[in-house]
Amino acid sequence: MNAVQQIIARPEVMQAIVIVGAFTVINFGLKILTNFYKYFLRPSKNLKKLGEWAVITGATDGIGKAYAFKLAKRGLNVVLISRTEAKLNAVKAEIEEKYPSVQVKVVICDYSDFNAKLRTKVEKAVKDLDVGVLVNNVGVSYQFPKYFSELNEEEVAGLMEMNVNSTTWMTHMVLPGMMERKRGAVVNIASAAGCHTMPLLAQYSAAKGYIAMFSRGLASECAKSNVTVSCQVPFYVATKLAKMRAAFTVPTPNQFADMALKWVGHGGDVVVHPFWLHAIMGWFIESIPSSLADGQMLSMHASIRKRGLKKMAKLAKGE
Ligand SMILES: NC(=O)c1ccc[n+]([C@@H]2O[C@H](COP(=O)([O-])OP(=O)(O)OC[C@H]3O[C@@H](n4cnc5c(N)ncnc54)[C@H](OP(=O)(O)O)[C@@H]3O)[C@@H](O)[C@H]2O)c1
Ligand SMILES: *[C@@H]1O[C@H](CO)[C@@H](O)[C@H](O)[C@H]1NC(C)=O
Ligand SMILES: *[C@@H]1O[C@H](CO)[C@@H](O)[C@H](O)[C@H]1NC(C)=O
């Protein structure tokens, strides 16, 4: 027997190994059980109890639009905030037709320049409402993965303005009222990109990482006030932003919103993957060595970048 074998053969060491092993297994088992409960069995909150109104940013397409429909279905009145007036009015009409008892307000706001004047306009529209749910959904990513040095100034500013400023200022506007009323839920839509190293999406990833950290701090601050703050982090969802079609790991916005709404108002977990498959993907990325994960991400994004550049060149030639 060598020295290591001798140590392992000692009964107290054996015992320690068994105890640690059992603890690990039980811990893992409990985690799976609690997650199974949260993803598939736990009843949703009655969101009407949080307040009469829901405010959704970027509500005319993709995830935001799906969220607006689901919240209206639950009986909340909705404030839709987005850039394009015609699309806002179309979505308003669609919701009013489908859910006649629900009130719909629209606010035109271009979050690419969320300046003081625009903030005052939005604030006026929401300040007298009993807002129970705020969904900070508006956001922008890169046109396609690129080196940070390849972004132009407008893109750099837009990533901050649309992801960081919008979420921060909207929360600053709505959260005090919720805390005063002692009820409410702030739902920040970030991205799985904000939770892992994302070469060639570095600034998007950082902006979404900001939202995750912001949410964690606020959630803890607001727990006493009976207000939940959460940060929902999808991988791909089949929207215009993602330029992806629905697939096994890519839900439609409607499917995503169905799963996402189940988490609204539940405290405890702050940063969550509403879609269980995305949660497994996130867990997998965290479990493999980061050098391997980062390298894979880099080469995946590099090949999407190549395709993107080719497409741009074609467009420039007018093909
Ligand atoms: N799709 C994904 O795979 C994915 C993955 C992770 C995270 N996310 C996050 O999910 C959120 C929603 O993304 P999505 O995929 O649903 O996007 P989307 O389908 O492109 O929808 C974006 C929405 O935001 C509005 N919008 C765009 N630019 C705006 C501006 N400057 N001012 C005001 N509103 C503006 C759009 O309105 P108009 O076009 O009508 O002006 C539209 O209603 C984003 O924060 C995104 O980062 C998405
Ligand atoms: C974001 O908000 C800050 C603080 O109000 C402001 O100074 C800045 O111009 C805004 N936009 C960007 C792109 O940083
Ligand atoms: C907390 O909020 C819930 C609605 O989510 C409400 O039913 C409850 O009465 C509130 N509790 C307190 C202490 O205000």
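Hydrogens, waters and symmetry mates play no part in the numbers below; they use all other heavy atoms, side chains included. Here, residue 1 is the first one in the sequence, and each next residue gets the next number. Atoms within each ligand, like the ligands themselves, are counted from 1 in listed order.
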Hey, what polar pairs (N/O, under 3.5 Å) does ligand 2 make with protein?
from: ligand 2; atom 1: 2 (O); to: Asn165; atom 2: OD1; distance (Å): 3.3
from: ligand 2; atom 1: 2 (O); to: Asn165; atom 2: ND2; distance (Å): 2.3
from: ligand 2; atom 1: 11 (N); to: Glu161; atom 2: OE1; distance (Å): 2.5
from: ligand 2; atom 1: 11 (N); to: Asn165; atom 2: ND2; distance (Å): 3.0

Sub-6.0 Å ring centroid separation between Tyr39 and Trp263:
yes
Is it the case that atom CE in Met300 sees more than 12 heavy atoms from other parts of the structure closer than 6.0 Å?
yes
Answer yes or no for Lys73 and Phe69: cation-pi contact, defined as NZ/CZ to six-membered ring centre under 6.0 Å and angle to ring axis within 45°.
no
Tell me yes or no: between the side chains of Asn136 and Thr171, is some donor less than 3.5 Å from an acceptor?
yes
Are Glu150 and Tyr142 close enough that a side-chain donor and a side-chain acceptor fall under 3.5 Å?
no
Whether the side chain of Gln232 engages the backbone of Ala260 through a donor-acceptor N/O pair (distance < 3.5 Å, no angle test) should be reported.
yes
Pull out every atom of ligand 3 sitting under 4.0 Å from any heavy atom of Leu50, numbered as shown with elements.
4 (C), 5 (O)
Kindly write out the residues that satisfy salt bridge (charged side-chain N to carboxylate O under 4.0 Å, His left out) with Glu96, not counting sequence neighbours, or none if the list is empty.
Lys92
Any Lys/Arg nitrogen of Arg183 or Asp130 sitting under 4.0 Å from an Asp/Glu carboxylate oxygen of the other?
yes
Ignoring hydrogens and geometry beyond distance, is a side-chain donor-acceptor pair present between Asn188 and Thr167 at under 3.5 Å?
no
Taking salt bridge (charged side-chain N to carboxylate O under 4.0 Å, His left out) as the test, write out the residues that go with Asp110, two or more places apart.
none
Taking both backbone and side-chain atoms of Arg183, is any N or O found less than 3.5 Å from an N or O belonging to ligand 3?
no
Give the residues near ligand 1 by chain and number, with the criterion being a heavy-atom distance under 4.0 Å.
Gly58, Ala59, Thr60, Asp61, Gly62, Ile63, Ser82, Arg83, Thr84, Lys87, Cys109, Asp110, Tyr111, Ser112, Asn137, Val138, Gly139, Met162, Ile189, Ala190, Ser191, Tyr204, Lys208, Pro234, Phe235, Tyr236, Val237, Thr239, Lys240, Leu241, Ala242
